[in-house]
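This chain uses plain numbering: 1 for the first residue, then up along the sequence. Both ligands and their constituent atoms are indexed starting at 1 by order of listing.
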Amino acid sequence: MTTKSLSSFIRASLLMLVLAALTSACGGNHRNQPYYEAQEPSEFFEDGKSSRPLVPNTVAQGQLRDDAHLYTGKQNGEDVTTFPFPVTEAVVRRGQQQYNAHCLPCHGFTGEGNGMIVRRGYSKPTSYHQQQLRAQPHGHYFDVITNGWGAMPSYADQVQPRDRWAIIAYIRALQMSQGADVKTLPVEERQRLDNPPTPATEGEGGGE
Ligand code: HEC
């Protein structure tokens, strides 16, 4: 072994020793810590509980819900009429995916209120296309998803606030789609409507 390789061998060995010492010290500490099941009593704290309450006036990371617009859909007690963030195509697509997962079973593909659960006997929701519902501010929709409405349960646990807004954007798109004036469509889309592509393979093996 040359002097150089010997010294680097010694250095590497020392490093290994230090690492070994560190990891074993670390493992030792963990082993000595008491392990509690949820809600298990503890003799260590005065109140006899192992679960510690939140420290007053502190907020866990990501839990500061100080944006009333985003988290309640209200400002000064009134339903908001704007979105708390820009509505992009990605937001509407996310809304579609979330709508299909959580709302479609009752409200149906186009929002008419004829989803599968309703066809099996659940109360029929109001159609999203009724004027009285079209006219409701965005904040009202946020409130319905968050707190439920009449026969409809709350979806606050299943749908996070940002996704509630995404769903509302998608419902607005559904509402527009059912009441749109053909003249407002881009030329290509109008041409597609006039000359729908012939479904070449339809009926072959589909079985429907
Ligand atoms: C289990 C069935 C069911 C699901 C799932 C459901 N709803 Fe509903 N929804 C209803 C029913 C029933 C009503 C009518 C309630 C009433 O008027 O008593 C309703 C009403 C509504 C209304 C109208 C409220 C008003 O002002 O009249 C909105 C908006 C709405 N739902 C949005 C949603 C959205 C968004 C989702 C998905 C996050 C959703 N719903 C999921 C059953 C459902």
Side-chain angles (χ1 to χ4, degrees), residues 38 54 59-186 188-190 192-193 196 199 206-208:
L54 290 177
V59 176
Q61 256 185 6
Q63 299 289 311
L64 180 64
R65 298 189 156 194
D66 65 340
D67 184 343
H69 191 164
L70 176 64
Y71 291 108
T72 67
K74 291 195 194 317
Q75 267 175 339
N76 306 319
E78 297 279 319
D79 282 330
V80 294
T81 53
T82 53
F83 280 83
F85 48 81
V87 175
T88 59
E89 185 181 337
V91 168
V92 180
R93 288 198 184 282
R94 171 77 186 169
Q96 178 179 37
Q97 185 256 335
Q98 290 285 296
Y99 176 88
N100 289 352
H102 300 289
C103 321
L104 182 144
C106 291
H107 287 272
F109 269 108
T110 59
E112 272 176 42
N114 55 353
M116 189 49 82
I117 299 184
V118 174
R119 281 185 255 160
R120 300 274 161 90
Y122 200 86
S123 335
K124 187 176 188 324
T126 326
S127 162
Y128 291 151
H129 309 297
Q130 288 203 358
Q131 186 46 36
Q132 146 259 354
L133 211 49
R134 294 173 79 99
Q136 288 287 357
H138 304 325
H140 174 66
Y141 288 76
F142 191 90
D143 185 48
V144 174
I145 305 173
T146 309
N147 301 310
W149 185 266
M152 176 183 148
S154 155
Y155 280 82
D157 286 342
Q158 293 91 323
V159 187
Q160 292 310 297
R162 283 183 170 272
D163 284 338
R164 290 175 220 164
W165 287 109
I167 289 176
I168 297 166
Y170 181 65
I171 291 178
R172 291 308 193 198
L174 282 180
Q175 289 172 331
M176 268 186 219
S177 76
Q178 300 297 300
D181 181 350
V182 165
K183 291 197 206 79
T184 61
L185 292 178
E188 316 85 78
E189 294 297 325
R190 256 189 279 167
R192 261 182 3 129
L193 280 179
E208 279 205 60

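Residue contacts with ligand 1, taken as heavy atom pairs separated by less than 4.0 Å, involve I171 solely via side-chain atoms from C-beta onward. Counting heavy atoms under 4.0 Å from ligand 1, residue I168 does not touch it at all.
The backbone N or O of L133 lies less than 3.5 Å from a partner atom in the side chain of Y141, making a donor-acceptor pair. A donor-acceptor pair under 3.5 Å is absent between the side-chain atoms of R164 and the main chain of Y71, judged by distance alone.
Taking every heavy atom of H102 and a limit of under 4.0 angstrom, the matching atoms of ligand 1 come to 5 (C), 37 (C), 41 (C). Taking every heavy atom of Y122 and a limit of under 4.0 angstrom, the matching atoms of ligand 1 come to 1 (C), 2 (C), 12 (C). Which parts of ligand 1 touch L133 is read off a 4.0 Å heavy-atom cut-off, strictly below it: atoms 23 (C), 25 (C), 26 (O), 27 (O). Residue contact check: G150 has heavy atoms under 4.0 Å from atoms 18 (O) of ligand 1.
Looking at ligand 1, you won't find any N or O of S123 less than 3.5 Å from one of its N or O atoms.
For R190, the CZ atom is densely surrounded, since the number of other residues' heavy atoms within 6.0 Å is greater than 12. Environment of CG in L54: sparse, with no more than 12 heavy atoms of neighbouring residues, nucleotides or ligands closer than 6.0 Å. Within 6.0 Å of atom CG in N76, 12 or fewer heavy atoms from other residues, nucleotides or ligands are found, so the atom counts as exposed in its surroundings. Within a 6.0 Å radius of CD in E78, other residues, nucleotides and ligands contribute 12 heavy atoms or fewer.
Remark: among candidates Y141, Y170, Y99, Y128, the nearest residue to atom 32 (C) of ligand 1 is Y128, based on non-hydrogen atoms.
Look at H140 and you'll find a heavy atom under 4.0 Å from some atom of ligand 1.
Of all protein heavy atoms, the one closest to atom 5 (C) of ligand 1 is Y155 OH, 2.8 Å. When hydrogens are left out, the protein atom nearest atom 18 (O) of ligand 1 is A151 N, 3.0 Å; that is the closest non-hydrogen contact.
Sorted by chain and number, the protein atoms of type N, O or S within less than 2.8 Å of atom 8 (Fe) of ligand 1 are H107 NE2, M152 SD.
Evaluation of the salt bridge (charged side-chain N to carboxylate O under 4.0 Å, His left out) rule for E89 yields R93 as partners, not counting sequence neighbours.
For the pair F85/L70, a side-chain contact is recorded, criterion being any heavy-atom separation below 4.5 Å from C-beta on. By the 4.5 Å heavy-atom criterion applied to side chains, T82 and H69 are counted as neighbours.
For residues 133-162, there are no salt bridge (Lys or Arg N to Asp or Glu O under 4.0 Å) pairs, not counting sequence neighbours.
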Could you list the donor-acceptor pairs under 3.5 angstrom formed between side-chain atoms of residues 97-109 and any protein atom two or more places apart in sequence or on another chain?
{"unit_1": "Q97", "atom_1": "OE1", "unit_2": "R94", "atom_2": "NH1", "d": "3.2"}
{"unit_1": "Y99", "atom_1": "OH", "unit_2": "G108", "atom_2": "O", "d": "2.7"}
{"unit_1": "H107", "atom_1": "ND1", "unit_2": "Y128", "atom_2": "OH", "d": "3.3"}

